[in-house]
Protein chains: 2
Amino acid sequence: MSAMAIEEPSQQASPDGDAPAALVWNRPARAPRRRALTVHRIVEASVALADAEGLDALSMRRVAAEVPTGTTSLYRQVASRGELLELMTDAVLGEVPPAPLTGDWRTDLHALATGQRAALLRHDWLGAVMSTRPALGPNSLRRIDRTLAAATALTRGDITLAGEAVSIIGDYVAGHAAREVAERETLRRTGTTEEQWRASLGPYLHRVIASGEYPAFTRRVVEAAERSFDELFAAGLETVLDGLAARYGN
Amino acid sequence: MSAMAIEEPSQQASPDGDAPAALVWNRPARAPRRRALTVHRIVEASVALADAEGLDALSMRRVAAEVPTGTTSLYRQVASRGELLELMTDAVLGEVPPAPLTGDWRTDLHALATGQRAALLRHDWLGAVMSTRPALGPNSLRRIDRTLAAATALTRGDITLAGEAVSIIGDYVAGHAAREVAERETLRRTGTTEEQWRASLGPYLHRVIASGEYPAFTRRVVEAAERSFDELFAAGLETVLDGLAARYGN
DNA sequence: AGCCGTGTGGGTACAGTGTTCCCAACTTAG
DNA sequence: CTAAGTTGGGAACACTGTACCCACACGGCT
């Protein structure tokens, strides 16, 4: 995201010793000196790759090819693929820092939840990683901290109750995003568009409906109005916030 | 679960033709005739294996070894590993059929949500699978149908709103269970007990706290009372149901 | 009674995975 | 100009899912 200007650690940087600079730049053909292999560069390439092709495509060899570097050179910067996933998680959680709190718990929790959802949708692998290993990096902690602070305004200072509230919101957001991402993932995996997928489901759905064993489901499929994920999330989040207000709040 | 008694399709079963039965049982050493390889047996073994050793251990070769049969014989009953996962999902969703509805939406939705959570906790791989591919098997549909029916009592017959409500509850349940399972999974992966894990986190947590950048998180760690997952789920579910009551209800 | 087509079980092979061990090459210090 | 040491990367190992193909046992026919 932030274009970090990487300084070349060349001889010019040395404070004294007027070396013949012109000659330095005329070095063999060795390229302008390969940038050092850093965790940052590895994580950046990994996030781009996972965004574009999914977690399955994120093999160490593919990452190395994208950086580019040798496969096993990665292991000098990163202990394992798992650790790389953790670094990626924290990196993307830091892309958009949480806005400063307004003091109104409902506004603040709404904004934080929406931001979390945005991150989960922007990187569809994020949910899968976070539901496997706990996110403990600084960016993750910052988000948790701000959310707790916002919830404390709701629970009138009770930190235990604030923790409960944060868990409840977090669980809902994670669950909702997971379902939305699952649908995308299915389309990608089967390589179909939404219409094609729906069409391929058609015959089976008809049999299900014809069986008469699922009357409510049938009504749902036949009668119910279509709801977008955005609408559903908006409704769900309001519902949860209403519940929290009733339970803890004023 | 249900101990299905599988009939041996031996020659004895053939109605006529008094074959010399004694000789049949004295066949080479070919065993008393191997049970036929069925999807059922494969799924059963797969569920057991995934429960015991996790999804990562569920390779086709391991499954075949457990059944037992040859690896590639599995592909005659099951098209791919993905399809096997779908079959496993529906199998475990059918283990405990949903109780008949009482008519009180709150009681019914509570029971259905609790049952769903129980399934997700009983098989810790279930959440990961369901958040990758949509569950469309008969047992899954039955659960969805019953939940929709229960929610329809809340929304006074509006099936669109009932669909919303079901999504919201489902998302919360899935999110909560995912977090609980993630913790278990982490312990298993690192091969530590909860205390060991906490201890290994200690130094890092102290640095985090000492940094002073996460005041609310620090309060949470230092002051907040411990909440079990069961307590949290109970509180969260009540909160969501409260919210639904306020939004749709009477 | 003998035979033959059919379908089931399974071995081999291929392209890929994460990771460890080791070595070569380049940079810097003296 | 040499010595030390850090960094990059190749080869190998024990795995993975799955396509292809081949034996073999059984049911129905002649």
Side-chain angles (χ1 to χ4, degrees), chain A residues 8-17 19 24 27-42 45-46 49-50 53-88 132-133 189, chain B residues 8-17 19-20 24 27-39 41-42 45-46 49-50 53-86 88 132 189:
Chain A
E8 294 295 323
S10 78
Q11 285 86 340
Q12 277 199 322
S14 79
D16 57 344
V24 170
R27 279 274 176 73
R30 267 257 169 261
R33 171 86 175 264
R34 222 161 31 205
R35 287 193 311 175
L37 181 60
T38 62
V39 232
H40 185 106
R41 278 180 59 211
I42 295 176
S46 302
L49 176 57
E53 306 187 32
L55 260 196
D56 286 347
L58 192 96
S59 72
M60 298 304 266
R61 292 177 230 269
R62 272 304 302 278
V63 170
E66 298 285 335
V67 167
T69 184
T71 306
T72 57
S73 307
L74 299 175
Y75 285 90
R76 204 163 292 275
Q77 311 292 332
V78 161
S80 66
R81 184 171 184 269
E83 193 177 293
L84 175 57
L85 293 176
E86 292 182 30
L87 292 168
M88 291 167 64
T132 296
R133 42 221 335 135
R189 185 158 26 84
Chain B
E8 295 293 322
S10 77
Q11 284 88 338
Q12 278 198 322
S14 80
D16 57 342
V24 170
R27 279 274 176 74
R30 267 249 170 269
R33 174 80 175 265
R34 226 160 25 207
R35 289 193 310 175
L37 181 59
T38 63
V39 233
R41 278 179 60 209
I42 295 175
S46 301
L49 176 58
E53 306 187 32
L55 261 196
D56 286 345
L58 192 96
S59 71
M60 297 305 267
R61 290 178 231 269
R62 273 305 301 278
V63 171
E66 298 285 334
V67 168
T69 183
T71 306
T72 56
S73 306
L74 300 175
Y75 285 90
R76 203 161 293 274
Q77 311 293 333
V78 160
S80 67
R81 184 172 184 269
E83 193 176 293
L84 176 57
L85 293 176
E86 293 182 30
M88 291 167 63
T132 295
R189 184 159 24 85

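Side-chain atoms are counted along with the backbone in the values below, which use heavy atoms only and exclude waters and symmetry mates. Reminder, nothing fancy here: chain letters follow the sequence lines and each chain counts from 1.
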Roughly how bent is the helix from dA1(C)-dT30(D) to dG30(C)-dC1(D) end to end, in steps of 10 degrees, with each end axis from five pairs?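 That helix has its two terminal axes inclined by roughly 20°.
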Separation of [N] [atom2] from [X] [atom1] (nearest whole Å):
{"X": "R41(B)", "N": "dT8(C)", "atom1": "CZ", "atom2": "C1'", "answer": "13 Å"}
{"X": "I42(A)", "N": "dT7(D)", "atom1": "CD1", "atom2": "P", "answer": "12 Å"}
{"X": "R189(A)", "N": "dG17(D)", "atom1": "CZ", "atom2": "P", "answer": "15 Å"}
{"X": "R76(B)", "N": "dA23(D)", "atom1": "CZ", "atom2": "C1'", "answer": "12 Å"}
{"X": "L37(A)", "N": "dT27(C)", "atom1": "CG", "atom2": "C1'", "answer": "16 Å"}
{"X": "L74(A)", "N": "dT7(D)", "atom1": "CG", "atom2": "P", "answer": "15 Å"}

To check you understand the geometry: which heavy-atom pair defines the closest contact between [X] and [Y], and what is its length?
{"X": "T71(B)", "Y": "A64(B)", "result": "CA-CB, 3.5 Å"}
{"X": "V78(A)", "Y": "E83(A)", "result": "CA-OE2, 4.0 Å"}
{"X": "S46(B)", "Y": "V63(B)", "result": "OG-CG1, 3.5 Å"}
{"X": "L49(A)", "Y": "A57(A)", "result": "CD2-O, 3.9 Å"}

R189(B): which residues meet the side chain to side chain contact (heavy atoms under 4.5 Å, CB included) condition with it, sequence neighbours left out?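 Listed in chain order: T132(A), R133(A), T186(B).
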Rounded to the nearest 0.5 Å, what's the gap from [atom1] on [X] to [atom2] on [Y]? Could you check?
{"X": "S80(A)", "Y": "M60(A)", "atom1": "OG", "atom2": "CE", "value": "7.0 Å"}
{"X": "M88(A)", "Y": "L55(A)", "atom1": "CE", "atom2": "CG", "value": "6.5 Å"}
{"X": "L37(B)", "Y": "R76(B)", "atom1": "CG", "atom2": "CZ", "value": "10.0 Å"}
{"X": "L74(B)", "Y": "L84(B)", "atom1": "CG", "atom2": "CG", "value": "8.0 Å"}

Can you find a side chain N or O atom of S73(B) that sits less than 4.0 Å from OP1 or OP2 on dG9(C)?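 The answer is no; no side-chain N or O of S73(B) sits under 4.0 Å from OP1 or OP2.
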If you compare every side-chain N and O of Q77(B) against the phosphate oxygens of dG9(C) (OP1, OP2), does one of them come in below 4.0 Å?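 So the side-chain polar atoms of Q77(B) do come within 4.0 Å of the phosphate oxygens OP1 or OP2 of dG9(C), strictly under.
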Grab the N/O contacts between the protein and nucleotides 14-21 of chain C below 3.5 Å, and write none if there aren't any.
{"from": "dT17(C)", "atom 1": "OP1", "to": "S59(A)", "atom 2": "OG", "distance (Å)": "2.8"}
{"from": "dG18(C)", "atom 1": "OP1", "to": "M60(A)", "atom 2": "N", "distance (Å)": "3.3"}
{"from": "dG18(C)", "atom 1": "OP1", "to": "R81(A)", "atom 2": "NE", "distance (Å)": "3.2"}
{"from": "dG18(C)", "atom 1": "OP2", "to": "M60(A)", "atom 2": "N", "distance (Å)": "2.8"}
{"from": "dG18(C)", "atom 1": "N7", "to": "R61(A)", "atom 2": "NH2", "distance (Å)": "2.7"}
{"from": "dG18(C)", "atom 1": "O6", "to": "R61(A)", "atom 2": "NH2", "distance (Å)": "2.8"}
{"from": "dT19(C)", "atom 1": "OP2", "to": "Y75(A)", "atom 2": "OH", "distance (Å)": "2.9"}
{"from": "dT19(C)", "atom 1": "OP2", "to": "R81(A)", "atom 2": "N", "distance (Å)": "2.8"}

